[in-house]
S.K.: 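Pasting a structure below so you can have a look.
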Amino acid sequence: MFSQIFKATLETLYMLLLSGFLATLFGIPLGVGLYLCSRSRRLKTLYALLDLLVNIFRSIPFIILVLLLIPVTKNVMGTIIGPNAAIFNLTIAAIPFMARLSENSFNAVPSGIIDSSNSMGLNKWQMVTRVLIPETLPDQIGNITVLLINLVTYTAIAGAVGAGGLGQLAINYGYYRFQWDVVLYAVIVLVAISQLLQFTGGKLAKGLRK
Amino acid sequence: MILSVDRLNLSFEDKSGRRKILDDVSFSIEEGEIVGIVGLSGAGKTSLLRTLNLLQPVDSGSIMFDGQNIVGLNESKVRSIRKKIGVVFQSYNLFRYRTVYQNIAFPLRIQGISRGEIRERVMSIVSELGLEHRLSAYPSQLSGGEQQRAAIARALVMDPKLILLDEPTSALDPRTTGRLLDLVVNLNERRRVTFAVVTHDMDVIKRTCDRVAYLQNGKLHFFGPTHEFFVKIENNEVSDFGSPLELERSVLSGQKRLLRVLFWGERTHEPVLWEIAREFDIMINILYGKIEELKNGPFGTMIIAIDGHKQDQFIEKLRDSVFFLEEVR
């Protein structure tokens with residue numbers, strides 16, 4: 001049993017970290033896009049569109065999103081079960097979430113810092129890479145922590161529809177076969193992962209805040 | 001002339017309709033000069049400052065900077081103009097997660113200047129501003145005065161043609177204010193840095209400004225040398241900074257003639273009054289007097305009561321020898 005839990009834990013971590021990485025990779029640029037569009041008079045309509053899309057994706061419950069994405073997942077990943085298919089679903093769900101979180105952090109940069117950067121003659125690219133990202137770095141670490149902890153729950157949900165990992169283990173052995181000890185162990189590991197993420201993220205963010 | 005503003009208009013739209021922020025404002029700044037932009041809160045000072053470094057587009061008017069109209073330029077030209085104008089904001093706006101050194105080096109780094117040259121330029125400025133020992137500190141670890149000096153250093157490092165200071169003394173204690181004003185005057189004298197200072201602090205105007213642009217409700221009410229601005233205040237033509245002097249009723253109810261005399265420049269320290277009084281055998285009673293050191297010379301105000309036979313001749317001669325004379329009664 002423990003070897004199964006161990007294997008499931010690795011699967012969960014694999015899904016978690018890869019989807020978290022991809023969501024950050026695409027989510028933060030989308031957040032930058034949202035931020036820049038919201039501040040530009042010309043791009044107001046583009047912002048409204050992106051904003052709506054982000055809201056729609058964020059309001060669809062994850063389990064429904066997985067179902068809706070089945071044809072897409074099948075096309076892109078070649079399969080709809082297993083960790084890799086789940087990573088696709090998780091990433092799609094997490095990108096808008098990460099984008100919104102990072103947009104909020106960009107909005108929280110004091111307007112004076114934006115003003116003084118502008119008055120130094122920075123271009124848009126420098127503004128993003130030299131000011132917005134560095135000035136929100138501790139907050140973005142916090143955002144990624146929140147994202148990953150959310151993804152822990154999502155991987156468990158994905159487990160219910162064949163993704164593998166601790167969620168599937170808990171459903172298959174615990175729920176369908178009444179092995180409640182397996183459920184308990186799965187939950188303990190999930191809680192431990194969340195705690196570890198929170199602790200590490202908190203420490204990192206604190207270290208970066210001056 | 002480094003900067004010349006001509007008929008600048010700016011208005012904002014809000015719920016109650018269009019609000020005029022700047023109304024036909026014109027003034028200029030010469031190279032090597034310090035100009036104060038003064039007025040009460042809401043007079044349009046900060047808006048004017050924001051228009052000068054193109055953070056705020058205007059409705060109409062022109063801003064000539066360094067021989068070029070900078071209103072309505074495209075974005076890349078705007079960026080290159082901004083690099084020639086340093087700004088020290090009221091809230092300093094240092095980058096929170098960069099050290100003092102990194103903050104000061106920042107404007108140079110984004111221009112791709114070599115590390116060696118950056119180091120050289122930063123170090124020469126920090127030693128002048130007394131920040132050498134704080135280079136590896138983060139802004140949150142600095143005092144208000146140090147943060148401000150770091151912000152000034154960050155503006156100076158670009159070798160700008162003009163530095164805009166927004167309310168530089170509003171968050172400083174009196175001693176730090178004194179040091180800041182010394183620094184500004186020093187930089188102006190030694191490096192020939194041109195400043196525009198937005199302020200409502202009379203000390204800043206007295207000690208640093210060559211000329212004053214006085215705004216009231218978005219209109220420029222006065223633009224000229226600092227001492228003339230003080231004459232306006234003394235004559236109650238500018239009341240935003242408190243009325244100069246309320247004479248006591250007992251003084252005003254006396255019998256003798258009262259004169260208000262303003263001195264400016266070299267003659268302030270000469271015994272003009274005594275010489276002329278002796279010539280016409282006039283008795284003088286000084287009721288009030290003060291001398292202030294303006295940047296462009298000493299400025300004195302005096303209220304005297306006179307007694308004697310040749311009062312009219314005395315007044316006439318004195319009027320020619322002082323900056324301004326008025327009979328209070």
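In the text below, chain A, chain B and the rest are named by the order of the sequence lines, each starting its count at 1. For clarity, every value in this text was computed on a predicted model and none was experimentally measured.
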S.K.: Give a yes or no on whether B:Phe12 atom CZ has more than 12 heavy-atom contacts from other residues, nucleotides or ligands under 6.0 Å away.
M.R.: yes
S.K.: Please state whether the side chain, the backbone, both or neither of B:Leu94 comes within less than 4.5 Å of a heavy atom of chain A.
M.R.: backbone
S.K.: For chain A and chain B, give me every donor-acceptor pair shorter than 3.5 Å, distances to one decimal.
M.R.:
unit_1	atom_1	unit_2	atom_2	d
A:Gly112	O	B:Asn93	ND2	2.8
A:Asp115	OD2	B:Arg50	NH1	2.7
A:Ser116	OG	B:Asn93	O	3.4
A:Asn118	O	B:Arg82	NH1	3.4
A:Gln126	NE2	B:Ile110	O	2.9
A:Arg130	O	B:Arg98	NH2	2.5
A:Glu135	O	B:Arg96	NH2	2.9
A:Glu135	OE1	B:Arg96	N	3.2
A:Glu135	OE1	B:Arg96	NE	2.9
A:Glu135	OE2	B:Arg96	N	3.0
A:Lys210	O	B:Ser140	OG	3.1

S.K.: Surrounding OH of A:Tyr47 (heavy atoms of other residues, nucleotides or ligands, distance under 6.0 Å), is the total greater than 12?
M.R.: yes
S.K.: Count the heavy atoms of every other residue, nucleotide or ligand shown that sit under 6.0 Å from CD1 of A:Ile81, and state whether that count exceeds 12.
M.R.: no
S.K.: Side chain from CB out, backbone as N, CA, C, O: work out which of these in B:Ile110 comes under 4.5 Å of a heavy atom of chain A, or both, or neither.
M.R.: both
S.K.: Please flag which part of A:Ile114 lies under 4.5 Å from any non-hydrogen atom of chain B: side chain, backbone, both or neither.
M.R.: neither
S.K.: Using a cut-off of 6.0 Å, state whether more than 12 heavy atoms not belonging to B:Met1 lie near its atom CE.
M.R.: no
